[in-house]
Structures are given as C-alpha cells and as structure tokens.
J.: 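Take a look at this one; I'll ask things after.
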Number of protein chains: 2
Amino acid sequence: MPRQLKLGAFLMATGHHVAAWRHPDVPADAGLDFAHYKHLAQIAEAAKFDALFIADSLAAPIGDIASRMARSEHFEPLTLLSALSVVTERIGLIATATTSYNEPYHVARKFASLEHLSGGRSGWNLVTSDNAAEAQNFGRDQHIGHADRYSRAREFHRVVTGLWDSWEDDAFVRDKLGGTYYQPEKVHVLDHVGEHFRVKGPLSVARSPQGQPVIVQAGSSEAGRELAAETAEVVFTAQTSLAGAQAFYADLKGRLGRYGRSTDSLKIMPGVFVVVGRTESEAQEKYETFQQLVEPEVGVALLGRMLGNFDLSKYPLHGPLPELPLTESGQQSRQALLTELAGRENLSLAELGRKIAGGRGHYSVIGTAQQIADRLQEWFENGAADGFNVLVPHLPGGLEDFASEVVPELQRRGLFRTEYEGRTLRENLGLRRPGNRFV
Amino acid sequence: MPRQLKLGAFLMATGHHVAAWRHPDVPADAGLDFAHYKHLAQIAEAAKFDALFIADSLAAPIGDIASRMARSEHFEPLTLLSALSVVTERIGLIATATTSYNEPYHVARKFASLEHLSGGRSGWNLVTSDNAAEAQNFGRDQHIGHADRYSRAREFHRVVTGLWDSWEDDAFVRDKLGGTYYQPEKVHVLDHVGEHFRVKGPLSVARSPQGQPVIVQAGSSEAGRELAAETAEVVFTAQTSLAGAQAFYADLKGRLGRYGRSTDSLKIMPGVFVVVGRTESEAQEKYETFQQLVEPEVGVALLGRMLGNFDLSKYPLHGPLPELPLTESGQQSRQALLTELAGRENLSLAELGRKIAGGRGHYSVIGTAQQIADRLQEWFENGAADGFNVLVPHLPGGLEDFASEVVPELQRRGLFRTEYEGRTLRENLGLRRPGNRFV
C-alpha cells in the first residue's frame, strides 16, 4: 500500500475567512446551529476525511471591532463533537481543550466519554492558551507565562494519559453469577503528585476502543516542538512556504528519536487555506468576493489577535507594522512568521491585515482542483507534510468545493483513500494503539 | 387546564438497584453503551416524561467491594446528554455538575452549548459534592467542608447565571450589508469578584431558547433547602413517607416568599422507586429477584457510602448500625433519614444494607400500576409533590414497565400529559422564561 496523505477538516462556524459571515451564501448564525455542523460533518465523512477539527477559546472577544466579527458565539467543542458522534460513523472527532485553564481529571474524563460515544474516534488537541483574556475568566489577572504554560502542559499530558490507563483493557469481566464486576488487580491508581497537579485517580471510564484518544498539538515554538516530539501523534502547523514546511518537518521528525519514537508515529499536517475554482481566474474571483468584504479595521484587529493580542488600532492603517515586543501571551511562532512576511513584502498594516484575513498565516492555494492537488502532492512527496488540515474560506460552500473537486483529484492520483481503512481514528491515521503503562 | 404532575426519568446505567447488573435481563456493560442510553431516552420521550436525569460523581470507587458493584464506569453527563440531544426532540436533558470541583466558566459554557444543541431542553442539577474521594482528584487532601461547599455553591450559581445573561436576546443582529455581527451595547461583562471566584465574562455563547437552562437541586439539608429556595426551579429529594414529604414540601415552598418567589416557581419532585407487576405478588416476586442478588457486604458498602462515605466493613454484619459522627463529607439529610429508619425498624447492618439496595432511601412502591398511581396521586394531591423522579430497579426493563403500565394509568386519571405542551423544558415544566438581569 503506497503512503497516502491524511486530511483534517477545520470547521469554524462560518469559515476561515474573517468576512465569510457577510457572504450571501453563508449562514451567518452557523456558530450555534447544530444542523449546520451536522451537514459539514457528513460532507467531510462522505469525502473520507480523517477527522473534523474544532478549535476553541475560553473568552469571547468584545468591543466595537469584535462586534463586526463572527467569533463571539460558538459551541463548546466536546459537547458539539459528542452530538456529532451520533450522526457520523467513521470520521475522527478532534476537539481542542487547553491545559492552561482546565483540570486534568475533567479533560481526561470528557475525552474518554467522547471516545466511548464515538466508538474510538476521538482526538485531543492539547494546547496552551494563547489568549490572555481567558485568564480573567479563571480567577487570574495575568495570563500564565509562556514557559509556565508549557511546563503545565507537559504535566497535564502525563496526568491525562495516566488516567486513561486507569483500567486494563480486560479489567471489566462483569461476571453476573460470581458477582465480580471488575478484577480489582486490573485497576491502577495514578497517585500523581507534581509541580502543578495532584491527582489520585482512577478515572471512572473504562479504557477505550483506541486505548487512548489521539494526541494532537498545534504549537510550533521551540517549547511547542519539543512537547510535540515527546507527546503528540498529530501536529497541526502554520507554514507559508515549501522550504519552511520542509525545515519544520525535518526538525520535528528529527526530535522523535530522543524519545524513542519512530518517524511515522507522528503525522505532520500543515494547515492549507484553499479556494477552489473551475479555472484559476474563477478561483481568484471567488477569493476576491471575500476579500472585498474585509473592513480594514477588522483585518488589523485580526492581525493584532494573531500577533499576540495586541491592540493595533492606535497605529496608522496605512503605516508599517510597528515593532512589537515578543509577547508572553500570544503564539510566538506565528508572530515571527507574520513579522517576516510584512518585511519581505513591504506591507502596510491594512495590507497585512487583509492578506491574513483568509488564510490567517497558513499556506494558501487559490486555483483549480488540479493546481491545488499539485501543491499538496508536492508538499506530501517532498518531506513537508504527511497530510493537511484543510481550511476553507466559507462554510459549507468551501468544504463542498473541496470534497467534490479536490478529493476526487487526489484519489485519481492515488494520494488519498477511497474508503476508510478502519473504524477508529488511529486505524485511519495509521497510528498504533498504545499499550497500558501499568501492564 | 387542571394541574398535572411532572415526571423525570433517573437513568443510572444498569438501574437503581445495586444488584441490577447481575440480573439476566440487564446489559451489564450499560454504563458506556450509547445505544442503551439512546433506547432509554426514546422510551422516556415516547412516554412524555419531562426530562432525563443523569447523576454524577468525579471519582471511581475502588477496592474489593467496589469491584462487585457496577459504578466504576460511566459516561460524563454533559457529553452523554449532548449525544442524546440528537436522538430526541422534546424531552428535557438534566445533567449533574458539581460546584465543588469545577470552574463556573466551564460549567456555564457547557450547559449553554447543550442548551443550543437541544433547542432549549437543558437543565443543570447544581450539587455540592458528597464524595470526599473527589477532592483527591482535584489537588486537595481533604474534602471541602459542608458550610464552605454551600457558600461556594451559592456564589457559583450567581456566576453561572450571570454568564448566561452575557448577551441580550436580540444582541446578534448579523447585518451582512452593514457589517455588524452584534450590537456592542447588548453584551454585558459580568466582572464578578467574590469570595471564591473572580470571573470577568462575557460567555462565548448566545442566550438560549429557554433564556437559561433550568436550575435543579437535590440537597435537602438546612443549607440545601435555603439554597434551593433562593435559586432552584426543580428540587429532587429523598422522602420515605407521605408525612415527611408533606413537611418538606411545606417547608421549602414556605421559604420562597422571602426571595420574592411564587410557590409554583419551584417544582418539588421526590424520588420514587417503583417495581411494577400485573399483580401485587408479581411485583413483589420481581423485586425479590433483585434482592436475592444483593451480597450482604455490597449492601453494607452502599449503606456506608450513603451515610457519608463511611467504611462499615469493620462492624458486624448482623449487629446494629453503629453510632456515626455527623459527617462533613456526606449528605447530612440522608444520614439522618437512614439512622431514623434503622432505629424505628430495629434493623441490623446487613438488613439495612439490603433494605436500601433498591430505593437507596427513596420512597418505594412495589405493586400494580393502579397501586403505584394511587400512591403518586395521593402525594401529588396532598401537598407532598409536584411530580416525581422515577427510579427503577433495572434498565431498560423497569423503565419499559413504568412507561407501558403506569404512565397510561396516570393519563387515564388526567394526572399526566398525553402530549408535550411545548418545545423547551421550561414550557413543559410550566416554568417562566427568566428575563435578563442586565436589561
């Protein structure tokens, strides 16, 4: 069986383009419309995507500019994916949950519950919060610093995965005649005592069909890469060029050996923002309809958010990107990437804001299905990606386009499956089922 | 329209009887079987129950005795009810979530999300933890004391309901042409600063079809009653006699006035454990098949748990209930009730353990549909109940029996609906939609 690429569908209410909600074809109230998400999930599953991917934030943006964006109302990911588990059968369900403002017992239990609801299709996108506003919803004035967030994240991962191993696979015998529900020697008390957490265990959920949910990560800073090398099974990353993606891929895969891991135990899936047309000019025109809906102030506000929660409204719209301090609260890797881009292309604040309004710093391909497949194939076959997290400008339209145009082209080339390999997310991703650490 | 009673279906995996899982008709692995819960939900909805009710615990019991009980594996309630929202249309979905080991922002958001998934059918059973083992899963050696738990619960309620009012009902205008997603003056920052919590807000979920999820409570101690009088809209309570239930009912309804509330703004629903037979002796025989499956040590362990997490295994099985300290960690009201019962009937430890193995201290009726309806009618018409939370020995059988035998009898008497009054849980319970505190 030749190596094939993996696909995630990044679902963000109205779509990835900041102005998508204003487009006539887009349901503006998609954020809290379950029927919308059900439709998206079924499109993605029919197209044999590996997984749905749901991002998250623990704070609602407010203020004049925020009121012109569609990010203030959305489902909580674990409740949404639990509901979607009922209307899908094969596709993976990846929810984001932060380690910065959560307790590991809750996170372990909710994912274990989703894992059983879905028959082994869940994944946990383990993140550190990049939004200082979240701190204020959890009793803190200040956001936890970058280094502390990663220290906490590493320990959080140890606790959660430890709790998932509370029960051996054959612990529950449920012997009605003998009266033995489980074998007492097959439950394991974690008794974790660490710098950030003390958690006794065990979890009140049996081990799952996959053994454990798939661990997904998205951080690309030095600390993020090292944590991913140690613990992640899928990495979602923002890359803007083939060369950059190759360097990231080589770097991250190169770190696996020191944790005793094989290179195929971690799938690297860069985000790719795609706009599909029957001709290249049709794709460009489609893209422009979204670009024209971007108000400069909204683009700049999005930019400030992506650079690390900076308020850029005090700088001239048509002036250059100001020098900003390396922030503790934002995504350090994204900040470096955007600063470099502004300098290289000599963009004004407004231009940079408009530039990232769709792809938000991800690799973008605007063209025909053939052109898009060419780029994906190039990255896939040249050490830049094991697959892609697909970002579309608007939903459901952009996903429908990708499913009906690009997926068949990838299948014709033998680059993508025509049927699911298995029933669990691990089986479809080609990841092993982890053993139980206590056995 | 004459006053009609309300019914909740208390769903506990294999059933309420501690030995239910050993019965040949019961799927022993029900705790993590979504198809099982889907079946239960659809039975209850076809019978026009007001709501499903899911209890919870944040710790898994372990040890030799625990290994002979079926309580160590179960779904997390919010993920389970999110999934069940997809396969039901009218029935309410009430999940338990403790205020002792949770953060209000998470709880507010998950229920708000369930509320939108279900189209306004959610309820929050606000509890304080009665299980000291939970503390050890959340960084504490000791359980939070009783008074502190209630102080925390009251503040937790204020924060959660405040967050639910973050957005006015008409805040989201989603004006595509003008580019206004929401009206900035219609979002409200809570800025809560209290003894236990500091939470800024707003929530990232719009106000819901019901305005807010229904607030349910189950504590019956002095502190529990006072909190319920202030904040609850449904109270689930354990009562063993008509007289006791009448006293509780009068006491709790009598407290509402001091909070400016009308008596019908709070529905009191005692638990009732029912075993249905075509004849009284058939019902008794059915009950006995479960009773005979109770090992004495298991009954006593359950008793210890209900008295406040005491280990009673060191006391003689056939001796009396020992004098126990009034515990900080258990359910104070349940402890008083069971101590009184043991004294009144002069029961040994093993006998008391067996006695509570099915109803667990709730009012029990074992008989024909007519006999059961007689008792429910008596309580309902004599100031003891506005409805009942129905506990059955085994699932799905016990619920099927109640739905097919008792519900039609209640309907014939005009005591129970034959069709849902509305689409939201509030509409069916006859509770008003709360206004927004900020308006």
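These numbers were taken from a predicted model, which means no experiment stands behind them. Residue numbering restarts at 1 for every chain, and letters A, B, ... go by the order of the sequence lines. FYI, side chains are in, hydrogens and waters are out, and symmetry mates aren't considered; it's all heavy atoms of this structure.
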J.: Side chain, backbone, both or neither: which part of B/Gln136 has a non-hydrogen atom closer than 4.5 Å to chain A?
T.: both
J.: A/Asn102 versus chain B, heavy atoms under 4.5 Å apart: side chain, backbone, both or neither?
T.: both
J.: Quick check on A/Val189 against chain B: is it the side chain, the backbone, both or neither that has a heavy atom closer than 4.5 Å?
T.: side chain
J.: With only heavy atoms counted, which part of A/Pro104 is less than 4.5 Å from chain B, the side chain, the backbone, both or neither?
T.: neither
J.: So, the side chain of B/Tyr37 versus the backbone of B/Gly31: is there a donor-acceptor pair under 3.5 Å, distance only?
T.: no
J.: Quick check for you: among B/Phe75, B/Trp21, B/Phe197, B/Phe34, which has the greatest number of heavy-atom pairs under 4.5 Å with chain A?
T.: B/Trp21
J.: Using non-hydrogen atoms and a 4.5 Å limit, figure out which bit of A/Leu190 sits close to chain B: side chain, backbone, both or neither.
T.: neither
J.: Do B/Glu134 and B/Ser129 pass the side chain to side chain donor-acceptor pair (under 3.5 Å) test, and can you show the C-alpha distance, the side-chain angles, and the key distance before you say yes or no?
T.: CA-CA 8 Å; B/Glu134 296 186 8; B/Ser129 291; 2.5 Å; yes
J.: With heavy-atom distances below 4.5 Å as the criterion, would you say the side chains of A/Pro202 and B/Ile62 are in contact?
T.: yes
J.: Using the six-membered ring wherever Trp is involved, compare the ring planes of B/Trp167 and B/Phe172 and label them parallel, tilted or perpendicular (cut-offs 30° and 60°).
T.: tilted
J.: Classify the ring geometry between A/Phe290 and A/His23 as parallel (under 30°), tilted (30 to 60°) or perpendicular (over 60°).
T.: parallel
J.: Pick from B/Ala60, B/Ser67, B/Ala35: which one has the most heavy-atom pairs with chain A under 4.5 Å?
T.: B/Ser67
J.: Heavy atoms only, distances under 4.5 angstrom: which of B/Val87, B/Leu293, B/Thr180 has the most pairs with chain A? Name it, please.
T.: B/Thr180
J.: For the candidates B/Gly201, B/Ser82, B/Ala206, which exhibits the highest count of non-hydrogen atom pairs separated by less than 4.5 Å from chain A?
T.: B/Ser82
J.: Name the region of B/Asp29, side chain, backbone, both or neither, that has any atom closer than 4.5 Å to a heavy atom of chain A.
T.: both
J.: Less than 4.5 Å apart, side chain to side chain, heavy atoms only: is that true for A/Arg121 and A/Thr88?
T.: yes
J.: Heavy-atom distances under 4.5 Å only: say whether A/Leu84 touches chain B with side chain, backbone, both or neither.
T.: neither
J.: Using heavy-atom distances under 4.5 Å, tell me whether A/Ser118 contacts chain B through its side chain, its backbone, both, or neither.
T.: neither
J.: Report yes if some heavy atom in the side chain of A/Glu103 is under 4.5 Å from a heavy atom in the side chain of B/Glu103; otherwise report no.
T.: no
J.: Please state whether the side chain, the backbone, both or neither of B/Val187 comes within less than 4.5 Å of a heavy atom of chain A.
T.: side chain
J.: With a 4.5 Å cut-off on heavy-atom pairs, point out which of B/Gly63, B/Ala19, B/Ala66 contacts chain A the most.
T.: B/Ala66
J.: Which atoms of A/Asp141 come close to chain B, meaning under 4.5 Å heavy atom to heavy atom: side chain ones, backbone ones, both, or neither?
T.: both
J.: Strictly below 4.0 Å, N to O, side chains only: are A/Lys110 and A/Glu76 in salt-bridge contact?
T.: no
J.: Out of B/Ser57, B/Ala59, B/Ala70, which one racks up the most heavy-atom pairs below 4.5 Å with chain A?
T.: B/Ala70
J.: With only heavy atoms counted, which part of A/Ala112 is less than 4.5 Å from chain B, the side chain, the backbone, both or neither?
T.: neither
J.: Distance under 6.0 Å and angle within 45° of the ring axis: does A/Arg174 meet both against A/Tyr181?
T.: yes
J.: Considering only heavy atoms, which portion of A/Val298 lies under 4.5 Å from any heavy atom of chain B: side chain, backbone, both, or neither?
T.: neither
J.: Quick check against the 3.5 Å criterion: does A/His106 have a side-chain atom that pairs as donor or acceptor with the backbone of B/Tyr101?
T.: yes
J.: I need the single residue from B/Arg109, B/Gln210, B/Gln212 that forms a side chain to side chain contact (heavy atoms under 4.5 Å, CB included) with B/Trp164. Which is it?
T.: B/Gln212
